[in-house]
Novice: 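Quick one: the structure is below, questions incoming.
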Protein chains: 2
Amino acid sequence: MYEELKYWYLRDHKLFRTLSYSQIKQLCIITGFKKASKGEIIYFSSSDVPRIFLLKKGNIKIVAIDDNGNETIKDIIQKGDLFGELTLETDNKVEEYAKVLSDDVAICSFLMSDFEDLLLRNPTLALSYTKFVGLKMKRIKNSYANLISKDAKTRLYQFLKDWAEQEGVQNGNTVVIENYLTQNDIAQIICTSRQTATQLLNEMETNNLLQYNRKEITITDITQL
Amino acid sequence: MYEELKYWYLRDHKLFRTLSYSQIKQLCIITGFKKASKGEIIYFSSSDVPRIFLLKKGNIKIVAIDDNGNETIKDIIQKGDLFGELTLETDNKVEEYAKVLSDDVAICSFLMSDFEDLLLRNPTLALSYTKFVGLKMKRIKNSYANLISKDAKTRLYQFLKDWAEQEGVQNGNTVVIENYLTQNDIAQIICTSRQTATQLLNEMETNNLLQYNRKEITITDITQL
DNA sequence: AGCAAAATGTCAGCTAATTTACACTTCGAT
DNA sequence: ATCGAAGTGTAAATTAGCTGACATTTTGCT
């Protein structure tokens with residue numbers, strides 16, 4: 001069980017440990033570098049040639065618009081994460097874009113075709129990349145399994161635990177998370193209504209499980225969640 | 001096992017199409033072969049060394065047991081599909097097994113380590129495999145997205161459409177699917193209760209959208225779903 | 001052929017969570 | 001410093017779908 005969680009929390013920087021500096025440089029030289037600040041929207045799926053992106057700094061959310069014009073959060077991308085067409089399949093019928101959550105972000109990107117060439121020339125990297133995608137898949141599977149079989153409260157607890165593990169600053173059993181999400185964002189991530197999320201968060205606050213404000217979330221005792 | 005036989009087992013998988021006959025023969029990676037019949041349970045995750053499996057014939061479901069002893073269907077595997085630890089990550093704490101759904105199945109397997117060696121020696125194959133895993137991930141994402149944002153009826157409709165597309169025999173707008181699933185199986189796949197699934201199927205039958213029986217499902221007009 | 005087990009059909013509560021609706025608070029821009 | 005927009009708080013009405021509790025039908029087995 002704990003082993004599983006460890007896997008799950010192993011964020012994706014892992015891939016780049018297998019890449020040498022020169023390899024990374026090679027990728028980044030080929031491409032551009034982009035900075036953006038809070039609230040900005042970055043379109044990346046429909047645009048020109050297929051690319052793979054690497055978030056160097058900050059946080060963004062990947063948002064999709066469905067047929068009815070509803071926004072749904074597909075993913076939260078953190079510093080060091082790759083995003084874009086990781087499956088190496090060009091398929092641009094989905095309308096997705098990224099929205100900047102933190103004060104500012106830095107994104108570097110490279111061409112998918114270049115990346116494919118690199119993989120062909122470097123089987124070890126291809127293998128690592130496959131494992132990396134597999135890890136991502138495992139993560140997605142886990143989070144969806146949670147969404148489907150658990151109630152809203154359990155989902156919120158699980159989300160907070162994940163978040164704390166990934167980004168929280170721990171001090172004893174107390175964990176402080178920099179809160180760049182609105183309650184609405186959180187609600188969307190755990191797939192519930194904004195109102196339900198608000199209620200649950202307030203309930204947790206009255207039960208002294210955490211303190212919530214727009215800047216940060218302090219989890220009183222992470223072992224209690 | 002004879003070389004020719006091994007070749008036959010791999011030949012028509014899209015993954016290995018990039019390889020020539022002689023290359024495939026050289027692989028010699030198939031180390032296991034197994035036949036089983038309806039209802040049989042095949043354990044594959046916990047056992048000895050990590051393997052990757054290829055289903056040559058029939059249908060199976062991958063079932064997991066959670067902490068409370070509840071069965072959940074993780075995947076339906078059809079003829080030609082690979083299954084097992086496709087992510088190449090050994091991770092053996094999940095209690096999973098396969099149950100044979102069709103009258104009989106033929107499964108061949110190879111060692112994950114052999115497969116990794118193979119990928120390292122064949123960059124093109126490694127890239128194909130990476131895309132293959134990516135495609136699988138995309139599918140999973142899509143089906144989960146459906147599960148979460150749609151109601152039970154829509155989920156059932158979507159499931160039937162997918163199933164029809166994958167395995168149905170079309171004649172005009174009428175599609176006949178060989179039905180190797182119970183209503184309970186269907187319910188589990190679309191994540192609802194057996195009763196709800198039954199009700200929905202009967203409702204569809206009275207609305208002349210389909211005819212259901214244990215052997216086959218006939219969708220009157222696939223464009224109506 | 002006979003019987004137990006599995007699969008299917010049906011229905012009445014029950015409940016979590018969505019929806020609707022509105023008030024209050026905080027933030028950011030001018 | 002003000003004002004509109006975004007974010008948060010709260011509550012009643014409504015509902016999809018689960019649970020439990022059966023009856024009925026079909027299947028596989030000896």
Side-chain angles (χ1 to χ4, degrees), chain A residues 37-41 61 63 68 70-73 99-104 146-159 179-207 210-217, chain B residues 37-41 61 63 66 68-73 99-104 146-159 179-207 210-217:
Chain A
S37 48
K38 193 165 187 169
E40 254 186 83
I41 287 175
K61 59 178 177 183
V63 179
N68 308 324
N70 299 320
E71 257 200 3
T72 44
I73 292 185
K99 193 165 183 185
V100 180
L101 293 171
S102 50
D103 285 339
D104 51 11
N146 252 318
L147 285 179
I148 288 165
S149 59
K150 307 288 166 55
D151 64 4
K153 189 183 214 163
T154 313
R155 263 143 48 200
L156 177 59
Y157 279 39
Q158 187 60 49
F159 166 72
N179 181 21
Y180 48 82
L181 298 173
T182 66
Q183 293 189 354
N184 194 38
D185 286 336
I186 294 173
Q188 282 187 59
I189 292 168
I190 63 170
C191 283
T192 188
S193 64
R194 197 221 85 223
Q195 291 89 325
T196 303
T198 301
Q199 266 183 323
L200 288 172
L201 282 170
N202 289 337
E203 184 190 306
M204 290 178 79
E205 194 144 23
T206 53
N207 291 341
L210 55 72
Q211 283 134 264
Y212 181 95
N213 70 52
R214 274 143 134 137
K215 291 283 177 215
E216 61 181 34
I217 298 175
Chain B
S37 49
K38 194 165 187 169
E40 254 185 84
I41 287 175
K61 60 178 177 184
V63 179
D66 71 4
N68 308 325
N70 299 319
E71 257 200 4
T72 44
I73 292 186
K99 192 166 183 183
V100 179
L101 293 170
S102 51
D103 285 340
D104 50 14
N146 251 316
L147 285 180
I148 287 163
S149 59
K150 308 289 166 52
D151 64 4
K153 190 184 214 161
T154 313
R155 262 141 51 195
L156 178 59
Y157 280 39
Q158 188 59 50
F159 166 72
N179 180 21
Y180 49 81
L181 297 174
T182 66
Q183 294 188 354
N184 193 37
D185 286 337
I186 294 173
Q188 283 188 58
I189 293 168
I190 63 170
C191 283
T192 188
S193 64
R194 199 220 82 223
Q195 292 90 323
T196 304
T198 302
Q199 265 182 325
L200 288 171
L201 282 170
N202 290 338
E203 185 190 305
M204 291 178 80
E205 193 144 24
T206 52
N207 291 342
L210 55 73
Q211 283 134 264
Y212 180 95
N213 69 51
R214 277 154 147 152
K215 290 281 177 218
E216 60 182 36
I217 298 175

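Everything quoted here is computed from the prediction, not taken from an experiment. Each chain gets a letter, A, B and so on, in the order its sequence line appears, and its residues count up from 1.
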Novice: Is it the case that dG20(D) (base atoms only) and Gln195(B) (side chain only) share a donor and an acceptor within less than 3.5 Å, ignoring hydrogens and angles?
Specialist: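 Present.
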Novice: Are Glu216(B) and Asn213(B) side-chain neighbours, meaning at least one heavy-atom pair lies under 4.5 Å?
Specialist: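 Answer yes - side chains close enough.
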Novice: Which nucleotide in the list dT10(D), dT10(C), dC18(D) gets nearest to the side chain of Thr192(B)?
Specialist: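 It is dC18(D).
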Novice: Identify whether any heavy atom of Gln199(B) sits under 4.0 Å from a base atom; if not, whether one sits that close to sugar-phosphate; answer base, sugar-phosphate or nothing.
Specialist: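 Touches nothing.
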Novice: State, yes or no, whether a side-chain contact exists between Thr192(B) and Leu200(B) at a heavy-atom distance under 4.5 Å.
Specialist: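 No, too far: nothing below the 4.5 Å cut-off.
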Novice: Would you mind reading off the distance between Asn213(A) atom CG and dT25(C) atom P, rounded to a whole angstrom?
Specialist: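 Distance check: Asn213(A) CG to dT25(C) P gives 17 Å.
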Novice: Take atom NZ of Lys215(B) and atom P of dT8(C), then tell me their distance rounded to the nearest Å.
Specialist: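 Lys215(B) atom NZ is separated from dT8(C) atom P by 12 Å.
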Novice: If you assign each of Thr196(B) and Lys38(B) to its closest nucleotide in DNA chain D, which residue comes earlier from the 5' end?
Specialist: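 Whichever sits nearer the 5' end wins; that is Thr196(B).
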Novice: With the side chain of Ser193(B) defined as its heavy atoms from C-beta on, choose the nearest nucleotide among dT19(D), dA7(C), dG9(C).
Specialist: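 That would be dT19(D).
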Novice: Over how many whole Å does the gap from Tyr212(A) atom OH to dG9(D) atom C1' extend?
Specialist: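 For the pair Tyr212(A) OH and dG9(D) C1', the rounded distance is 12 Å.
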Novice: Side chain of Asp151(A): nearest nucleotide among dA16(C), dG17(D), dG9(C)?
Specialist: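 Closest nucleotide among those given: dA16(C).
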Novice: Select base, sugar-phosphate, or nothing to describe what Thr182(B) touches, counting heavy atoms under 4.0 Å on all strands.
Specialist: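 Here Thr182(B) touches the backbone only, sparing every base.
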Novice: How many Å lie between OH on Tyr180(A) and C1' on dG7(D), as a whole number?
Specialist: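 Those two atoms, OH and C1', are 18 Å apart.
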Novice: Does dT8(C) have OP1 or OP2 sitting under 4.0 Å from an N or O in the side chain of Asn202(B)?
Specialist: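 No.
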Novice: Just the rounded figure in Å: distance from P of dT18(C) to NZ of Lys150(B).
Specialist: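 Whole-Å distance recorded here is 17 Å.
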Novice: Is any side-chain nitrogen or oxygen of Thr198(A) closer than 4.0 Å to OP1 or OP2 of dT8(D)?
Specialist: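 No, because none of the side-chain N or O atoms of Thr198(A) sits under 4.0 Å from OP1 or OP2 of dT8(D).
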Novice: Check whether Gln183(A) reaches the backbone of Ala197(A) with its side chain - one donor and one acceptor, N or O, closer than 3.5 Å.
Specialist: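 No.
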Novice: Could you give the CD1-to-P distance, from Ile217(B) to dT8(C), as a whole number of Å?
Specialist: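 The answer, rounded to whole Å, is 10 Å.
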Novice: Side-chain N or O of Gln183(A) less than 4.0 angstrom from OP1 or OP2 on dA6(D)?
Specialist: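 No.
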Novice: From the set dT8(D), dG17(D), dT8(C), return the single nucleotide nearest to any side-chain atom of Arg214(B).
Specialist: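 Closest of the options to the side chain of Arg214(B): dT8(C).
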Novice: Are the side chains of Leu156(B) and Leu201(B) in contact, using a 4.5 Å heavy-atom criterion?
Specialist: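 Heavy-atom side-chain distance check passes, below 4.5 Å.
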Novice: Rounded to whole angstroms, how far apart are CZ on Arg194(A) and P on dG9(D)?
Specialist: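 Between P of dG9(D) and CZ of Arg194(A): 8 Å.
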Novice: What is the distance from CG of Asn184(B) to P of dT26(D), rounded to the nearest Å?
Specialist: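 Interatomic distance, CG of Asn184(B) to P of dT26(D): 19 Å.
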Novice: Side chain of Asn207(A), backbone of Met204(A): donor and acceptor closer than 3.5 Å?
Specialist: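 Flag not set: sc Asn207(A) to bb Met204(A) has no pair under 3.5 Å.
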